[in-house]
Amino acid sequence: MHRGCDVAAGVATAVVGGLVLALVPAAAAGQAGPADEFVPVTDAMLQDPAPGDWLTWRRTTDGWGYSPLDQIDTGNVGGLRLAWTRALAAGSQQGTPLAYGGVLYMPNPNDVIQAIDAVTGDLRWEYRRELPEDINDYVNGASTNRNIAIYGNRIIDTGADNYLYALDAETGRLAWETEILDYLINPARHSSGPIVAGGKAISGRSCRPHGGPEACVITAHDAETGEEVWRRRLVPAPGEPGDETWGGVPYEERVHVGSWMAPSYDPELNLVYVGTSVTSPAPKFLLGGVGNSYLYHNSTLALHGDTGEIVWYYQHLNDHWDLDHPFERLLVDTAVAPDPAAVSWINPRLERGAVRRVLTGIPGKTGVVYTLDRETGEFLWARPTVTQNVISDIDGATGDVTENAELIFGAEGQQVLACPSWFGGKDWEAGAYSPRTNAMYMPLRNTCARMLATRDAEIHYALAVRNEFAPGTDQLGTVQAISAETGATAWLHEQRAATMSLVATGGGLVFGGDVNGRFRAFDDETGEVLWEINLGSPVTGFPITYAVDGRQYVAVSTGTAGTASGFIRLTPELRPSAGNNLFVFGLP
């Protein structure tokens with residue numbers, strides 16, 4: 001086991017100029033006194049958090065990225081001012097803070113977690129996990145740490161060393177740790193942390209090709225003890241359902257079907273919804289042939305919360321171009337009445353206007369919106385947003401997707417122009433849903449890529465790629481507001497810089513940033529930009545809003561991230577810095 005270190009140690013002393021001074025450790029700085037007793041977080045609180053709290057990755061397990069707070073609204077957002085800022089640890093920075101009890105719990109790169117006073121920005125404690133020196137030899141890009149979970153009095157995270165671990169929320173001390181995978185044998189990249197659903201910490205991972213199929217798993221652990229409850233492989237073994245879809249490919253070569261973003265959860269149905277990624281290699285002629293579907297890559301899986309059993313699945317794309325589909329699933333109850341003028345593919349059996357429990361959003365890099373019945377997986381409707389040419393048709397009656405035959409690789413050295421590029425369309429940067437407007441707000445990009453099929457052993461997707469703008473535009477970034485009921489676009493914002501993650505609020509606002517460091521507030525009904533500030537570096541973190549003592553704050557972080565760097569190369573005249581920082585704003 002790799003033990004973590006914590007700074008919540010005893011008080012030391014030092015002699016300065018003949019005076020004996022007490023040195024207060026970071027863990028004690030600004031710490032709440034005995035009167036502010038920590039209230040353990042329960043399942044009920046996770047499903048219905050207090051308005052001022054942000055208790056899981058997208059605030060609630062339905063994936064909305066929505067807060068009901070409305071103190072900051074369309075009328076006064078122009079008065080937002082910086083409340084405080086704090087530097088973050090070095091590395092790939094894509095963090096989402098949790099807000100609870102007047103504290104922000106912030107995941108930093110490289111398994112650094114900080115508890116920060118949410119009003120003043122003072123550090124309460126910091127945990128730095130001791131990682132093996134050779135970790136990056138086995139887990140490439142191990143520094144990303146997008147999100148953490150809170151349950152009881154524990155902060156829970158997945159470590160770069162392939163452990164699940166928990167910290168005492170009041171002190172930062174390591175409470176327990178459980179090995180998920182031996183990184184020397186089945187290495188996986190834990191770029192996203194868990195959510196807690198029904199008392200279980202549920203997490204996915206990006207499985208490295210050399211980790212084999214046993215690394216491609218969704219796991220559930222008891223959130224109080226760390227004991228494993230269930231494990232679901234994303235690649236079927238010989239003799240299991242789905243084995244036949246691999247066309248006889250040896251089991252040990254069925255690799256890279258990962259689930260590297262956080263799942264969603266419906267407590268009434270007790271279903272966990274996870275999305276999956278492309279195979280390695282991506283071109284299927286290099287596997288068992290183009291006629292196989294290779295389950296369960298690029299799919300939505302609905303897993304039974306107690307057992308991990310696959311209740312239903314839907315495959316969004318038989319992927320030859322690294323167009324992963326692991327992103328946030330929005331769980332919404334809405335009337336379903338797709339507008340034929342806006343929606344390309346519609347189930348002919350739909351009872352128009354009937355209220356359904358749906359799973360919706362943009363789950364993959366294609367930028368296509370999919371709406372499914374979240375109880376059964378039935379296809380309801382789908383539509384493209386940005387330019388895409390990899391899907392030629394979706395059968396509305398069955399949901400079966402037909403890929404563009406002209407773009408399917410058949411031989412080494414073949415080149416195609418695929419839209420979007422493997423940066424997306426959409427990528428890990430999350431959209432949001434607002435019940436005020438019954439609309440989803442999505443950060444999207446107008447990209448394509450020249451792709452070359454290659455057997456170069458150094459490229460595990462077997463693709464060489466040159467990214468470019470989609471034809472007919474020089475505007476890389478866009479935010480689109482799309483009705484969850486009709487699928488129609490309510491408004492469209494376009495700009496030169498690539499857009500990043502969003503959050504929606506009860507004040508009629510959508511906050512989001514871009515790779516040029518601009519952080520702004522949109523009117524959720526019109527798309528008008530009501531407030532904007534230059535934070536200097538790409539806005540790579542997931543923004544949140546929270547409240548302490550009746551005052552609402554908006555928090556967001558900047559830094560370095562792979563997709564941000566890639567997009568900046570497409571707009572070389574934009575030259576932001578690359579500082580990892582957390583910014584918090586409030587009204588005067």
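Position 1 is the first residue of the sequence, and the numbers go up from there.
In the model, S537 has no side-chain atom that pairs as donor or acceptor with a side-chain atom of T558 under 3.5 Å. No side-chain donor from either of S259 and T276 sits under 3.5 Å from a side-chain acceptor of the other. D400 and T398 share a side-chain donor-acceptor pair at under 3.5 Å. For the 3.5 Å distance criterion, the side chains of R383 and T489 qualify, holding a donor opposite an acceptor. When only modelled atom types and interatomic distance are considered, S206 and R208 share a side-chain donor-acceptor pair under 3.5 Å. For the residue pair T300 / R329, a side-chain donor-acceptor distance below 3.5 Å is found, with atom types taken as modelled. A donor and an acceptor atom, one from each side chain of R189 and T144, are located under 3.5 Å apart.
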>> Assess the residue pair S264 and R58 against the criterion (side-chain hydrogen bond (donor to acceptor under 3.5 Å, both in side chains)); give the C-alpha distance rounded to whole Å, side-chain angles, the decisive distance to 0.1 Å, and a yes or no.
In response: CA-CA 9 Å; S264 299; R58 302 302 291 151; over 6 Å; no
>> Please evaluate residues H316 and N298 with respect to the criterion side-chain hydrogen bond (donor to acceptor under 3.5 Å, both in side chains), reporting the C-alpha separation (whole Å), side-chain torsions for both, the decisive distance (0.1 Å), and the verdict.
In response: CA-CA 6 Å; H316 299 273; N298 275 30; over 6 Å; no
> Between R205 and L181, is a side-chain contact (heavy atoms from CB on, under 4.5 Å) present by the stated rule, with each step listed?
Replying inline: CA-CA 11 Å; R205 50 211 39 88; L181 296 162; 3.9 Å; yes
>> Run the side-chain contact (heavy atoms from CB on, under 4.5 Å) test on T447 and L476 for me, step by step, so that the C-alpha distance in whole Å, both residues' side-chain angles and the decisive distance to 0.1 Å come before the verdict.
In response: CA-CA 7 Å; T447 65; L476 183 57; 3.5 Å; yes
> What do the steps show when you test V332 against D62 for side-chain contact (heavy atoms from CB on, under 4.5 Å), and what is the final call?
Replying inline: CA-CA 8 Å; V332 177; D62 51 23; over 6 Å; no
>> For a side-chain contact (heavy atoms from CB on, under 4.5 Å) check, start with the C-alpha distance between L444 and T499, then their side-chain angles and the critical distance, and finish with the verdict.
In response: CA-CA 7 Å; L444 298 161; T499 49; 5.6 Å; no
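Side-chain atoms of V112 and N145, non-hydrogen and from C-beta on, never get closer than 4.5 Å to each other. Contact annotation: the side chain of Q495 approaches that of R520 to within less than 4.5 Å [non-hydrogen atoms, C-beta and beyond]. Using a 4.5 Å cut-off on side-chain heavy atoms (C-beta onward), P338 and L350 make contact. Residues P543 and S501 are in side-chain contact: their nearest non-hydrogen atoms beyond the backbone lie under 4.5 Å apart. Contact annotation: the side chain of I195 never approaches that of V272 to less than 4.5 Å [non-hydrogen atoms, C-beta and beyond]. Taking the side chain as every heavy atom from C-beta outward, N446 and E494 approach each other to under 4.5 Å. Looking only at side-chain heavy atoms (C-beta outward), W321 and V390 come within less than 4.5 Å of each other. Between H325 and V368, the closest side-chain pair of non-hydrogen atoms is not below 4.5 Å.
Among residue pairs with one or both ends in residues 232-248, those qualifying as salt bridge (Lys or Arg N to Asp or Glu O under 4.0 Å) are E214-R233, R233-E240, D243-R254; sequence neighbours excluded. Evaluation of the side-chain hydrogen bond (donor to acceptor under 3.5 Å, both in side chains) test over residues 462-482, restricted to residues two or more places apart or in two chains, returns S421-N467, R450-E468.
Separation of atoms CG (L330) and CG (L359) is listed at 7.5 Å; rounding is to 0.5 Å. Here the straight-line distance linking atom CD of Q388 with atom SG of C448 works out to 10.0 Å at 0.5 Å rounding. Separating the NE2 atom in H304 from the CD1 atom in I310 is a distance of 13.5 Å, to the nearest 0.5 Å. Between D393 atom CG and E403 atom CD the span is 10.5 Å, to the nearest 0.5 Å. The CG atom of N186 sits 10.0 Å away from atom NE2 of H210, with the distance rounded to the nearest 0.5 Å. With rounding to the nearest 0.5 Å, the separation of CD1 in I482 from CD1 in I362 is 5.0 Å.
Considering L164, I180, D111 as possible partners of H190, the one that fulfils the side-chain contact (heavy atoms from CB on, under 4.5 Å) test is I180.
Annotation for A215 and A188: closest pair O-CB, 4.2 Å, computed over non-hydrogen atoms. Residues N580 and P109 come closest through the heavy atom pair ND2-CG, 4.0 Å. Here the shortest heavy-atom pairing between Y370 and A382 reads CD2-CB, 4.0 Å. Shown here for A342 and A488, the closest heavy-atom pair between the two residues is CB-CA, 3.7 Å. Between N292 and N318, the shortest heavy-atom contact is O-ND2, 2.7 Å. Contact detail for A282 and L463: the closest heavy-atom pair is CB-CD1, 4.0 Å.
H320 contributes no side-chain N or O that, together with a main-chain N or O of L407, makes up a donor-acceptor pair within less than 3.5 Å. S557 places no side-chain N or O within donor-acceptor distance of the main-chain N or O of Q94, the cut-off being under 3.5 Å. When atom types are taken as modelled, the side chain of S277 and the backbone of G258 share a donor-acceptor pair closer than 3.5 angstrom. Side chain of D161 to main chain of Y183: no donor-acceptor pair is present (N/O by atom type, distance under 3.5 Å, no hydrogens or angles). Checking side-chain atoms of N389 against main-chain N and O of A418 turns up no donor-acceptor pair under 3.5 Å. Proximity of a side-chain donor or acceptor of T563 to a complementary backbone N or O of F423 within less than 3.5 Å is not detected. The closest donor-acceptor contact from the side chain of T540 to the backbone of G559 lies under 3.5 Å. Using modelled atom types, no side-chain atom of D427 and backbone atom of E429 make a donor-acceptor pair closer than 3.5 Å. At least one donor-acceptor pair closer than 3.5 Å links the side chain of T385 to the backbone N or O of G367. A distance-only check finds no donor-acceptor pair linking the side chain of R374 to the backbone of A302 [under 3.5 Å].
Atom CD of E252 sits in a crowded spot, with more than 12 heavy atoms from other residues, nucleotides or ligands closer than 6.0 Å. For CD of E573, the number of neighbouring non-hydrogen atoms (other residues, nucleotides, ligands) closer than 6.0 Å is greater than 12. Heavy atoms of other residues, nucleotides or ligands lying less than 6.0 angstrom from CG of D182 number more than 12. Heavy-atom neighbours of Y313 OH from other residues, nucleotides or ligands within 6.0 Å: at or below the threshold of 12. Atom CZ of R349 is surrounded by more than 12 heavy atoms from other residues, nucleotides or ligands within 6.0 Å.
By the 30° and 60° cut-offs, the orientation of the rings of Y294 relative to W246 is perpendicular. Below 30°, between 30° and 60°, or above 60°: for Y314 and F379 the angle between ring planes is below 30°, a parallel geometry. Aromatic ring orientation, W491 versus Y441: tilted (interplanar angle from 30° to 60°).
The pair R496-D514 does not count as a salt bridge, with every side-chain nitrogen at least 4.0 angstrom from each carboxylate oxygen.
Cation-pi check for R129 over Y165 is met; the charged atom lies under 6.0 angstrom from the ring centroid and within 45 degrees of its normal.
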